[in-house]
Amino acid sequence: MRDETDPLADVKPYQGPISPFALDEIFIEDAFARDDERMWMPVTPYSWSRPLCLCASQGYWVHLSKYRGQGVVSCHRHPAPVHALIIKGGWRYLEHDWTGRGGSYVFEPPGDIHTLVTLPDVDESITLFNVTGSLIYFNEAGETTGYADVFTRIEAYAKHFESVGLGADYVKQFIR
C-alpha cells in the first residue's frame, strides 16, 4: 500500500553508471569531534584545527578552526580566495572594522592581509574555513615569516595524529 504522506515514497535512488575515476565522498558524522580532542591539532596557544577535506589534487583544504582564550592567531595573506562561516563564538581582524560572530560569513579576497585575533568575551569559537592555495605569514613589519598549504597541513596533521596515538596514516581519510 502506498503511503500518501511520504513525499519520497515513489523516489528511487540513482541506478546508472558511476565513473570508475570518481573519488569516494567524505562523510564525517561528528565534525565537531565533541568526544575526541585528539581530532584537533594545536596550531597556536589559542587555536586548533580539525581537518575535513585535504584536497591535494586541487590545492585547497577545508577545516574547522577552534579558538579559546584571548590572543593573536596569525597575520597572513592568501593568494587565492578563502571562505569562512563562523559557527560559534566570534573573532575579528585587526585591519578591518567588523567583528564576526556565530552565523557570520566571511569572504577573504586574494591579496588581503589580516591579523586574526580572538575576542575577550568569547570562551570558544569554531569556524569552518575553505582555504584555497596557501597562507603566507607575516610579522608586523611586513616580512614573510613562513607559509602553510595543503601539503604542509597534511604533514602537520599526520605528525599530530601519530603523536596522539591514531597513527600518521589516519590523515589519509581526509585526502582527495
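- A side-chain donor-acceptor contact under 3.5 Å links Gln15 to the backbone of Pro13.
- Remark: Leu54 CG to Gln173 CD distance equals 10.0 Å, nearest 0.5 Å.
- The aromatic ring centres of His83 and Phe107 sit less than 6.0 Å apart.
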All N/O donor-acceptor pairs, side-chain side in residues 21-35, below 3.5 Å, sequence neighbours left out:
{"residue": "Asp30", "atom": "OD1", "partner": "Phe32", "partner atom": "N", "Å": "3.4"}
{"residue": "Asp30", "atom": "OD1", "partner": "Ala33", "partner atom": "N", "Å": "3.4"}
{"residue": "Asp30", "atom": "OD2", "partner": "Arg34", "partner atom": "N", "Å": "3.3"}

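- Interatomic distance, Ile136 CD1 to Ser74 OG, rounded to the nearest 0.5 Å: 12.0 Å.
- Pairs passing the ring-ring contact (aromatic ring centres under 6.0 Å, His included) check and including a residue from residues 140-176, sequence neighbours excluded, read Phe161-Tyr170.
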Practice prompt. Any chance you could lay out the side chain to side chain contact (heavy atoms under 4.5 Å, CB included) test for His76 and His114, step after step, and finish with the verdict?
Written response: CA-CA 6 Å; His76 60 271; His114 40 255; 3.2 Å; yes

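- In this structure, Pro17 and Tyr14 have side chains that are in contact, with non-hydrogen atoms separated by less than 4.5 Å.
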Q. Between Phe138 and Thr144, does a side chain to side chain contact (heavy atoms under 4.5 Å, CB included) hold up when you go through it step by step?
A. CA-CA 5 Å; Phe138 292 92; Thr144 302; 3.6 Å; yes

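- The number of heavy-atom neighbours closer than 6.0 Å to CG of Asp123, taken from other residues, nucleotides and ligands shown, is 12 or below.
- Every residue meeting the salt bridge (charged side-chain N to carboxylate O under 4.0 Å, His left out) condition with Glu37, not counting sequence neighbours, appears here in chain and number order: Lys66, Arg68.
- Closest heavy-atom contact between Ala9 and Lys12: O-NZ, 4.3 Å.
- Applying the salt bridge (charged side-chain N to carboxylate O under 4.0 Å, His left out) test to residues at least two apart or on different chains, the pairs with a partner in residues 92-116 are Arg101-Asp121.
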With side chain to side chain contact (heavy atoms under 4.5 Å, CB included) as the criterion, how do Trp40 and Leu64 come out once you've worked through the C-alpha distance, each side chain's angles and the decisive distance to 0.1 Å?
CA-CA 9 Å; Trp40 295 91; Leu64 293 172; 3.7 Å; yes

Verify side chain to side chain contact (heavy atoms under 4.5 Å, CB included) between Leu116 and Tyr93, making sure each step is shown before the conclusion.
CA-CA 5 Å; Leu116 193 152; Tyr93 289 138; 3.6 Å; yes

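- Linking Ile, Leu, Val, Met, Phe, Trp and Tyr whenever their side-chain heavy atoms come within less than 4.5 Å puts Val43 and Ile87 in one cluster.
- Connection of Ile86 to Tyr46 is not established within any shared hydrophobic cluster, with ILVMFWY side chains joined at heavy-atom distances below 4.5 Å, either directly or through further cluster members.
- Counting only residues at least two apart or in different chains, salt bridge (charged side-chain N to carboxylate O under 4.0 Å, His left out) contacts with residues 134-157 are absent.
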Only pairs under 3.5 Å count here: list side-chain donor-acceptor contacts from residues 125-132, not counting sequence neighbours, and write none if there are none.
{"residue": "Ser125", "atom": "OG", "partner": "Gly90", "partner atom": "N", "Å": "2.7"}
{"residue": "Ser125", "atom": "OG", "partner": "Gly90", "partner atom": "O", "Å": "2.8"}
{"residue": "Thr127", "atom": "OG1", "partner": "Trp91", "partner atom": "NE1", "Å": "2.7"}

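- Nearest heavy atoms, Ile113 versus Cys75: CG2-SG, 3.9 Å.
- In terms of hydrophobic clustering, with Ile, Leu, Val, Met, Phe, Trp and Tyr side chains grouped at heavy-atom distances under 4.5 Å, Trp98 and Tyr67 are assigned to a common cluster.
- The SG atom of Cys53 lies 12.0 Å from the CH2 atom of Trp61; values are rounded to the nearest 0.5 Å.
- Follow the hydrophobic side-chain contacts under 4.5 Å out from Val62 and you reach Leu135 in the same cluster.
- For His78 (side chain) and Ser134 (main-chain N/O), a donor-acceptor pair under 3.5 Å exists by modelled atom type.
- For the pair Val150/Cys55, no side-chain contact is recorded, criterion being any heavy-atom separation below 4.5 Å from C-beta on.
- Ser47 and Val73 get closest at one heavy-atom pair: OG-CG1, 3.8 Å.
- Residues Val122 and Trp48 do not share a hydrophobic cluster, clusters being chains of Ile/Leu/Val/Met/Phe/Trp/Tyr side chains in contact below 4.5 Å.
- In Ile18, the CD1 atom is not crowded: 12 or fewer heavy atoms of neighbouring residues, nucleotides or ligands sit closer than 6.0 Å.
- Atom CD1 of Ile175 is separated from atom CD1 of Ile154 by 4.0 Å, given to the nearest 0.5 angstrom.
- Closest of all the heavy-atom pairs between Ser49 and His63 is OG-ND1, 2.8 Å.
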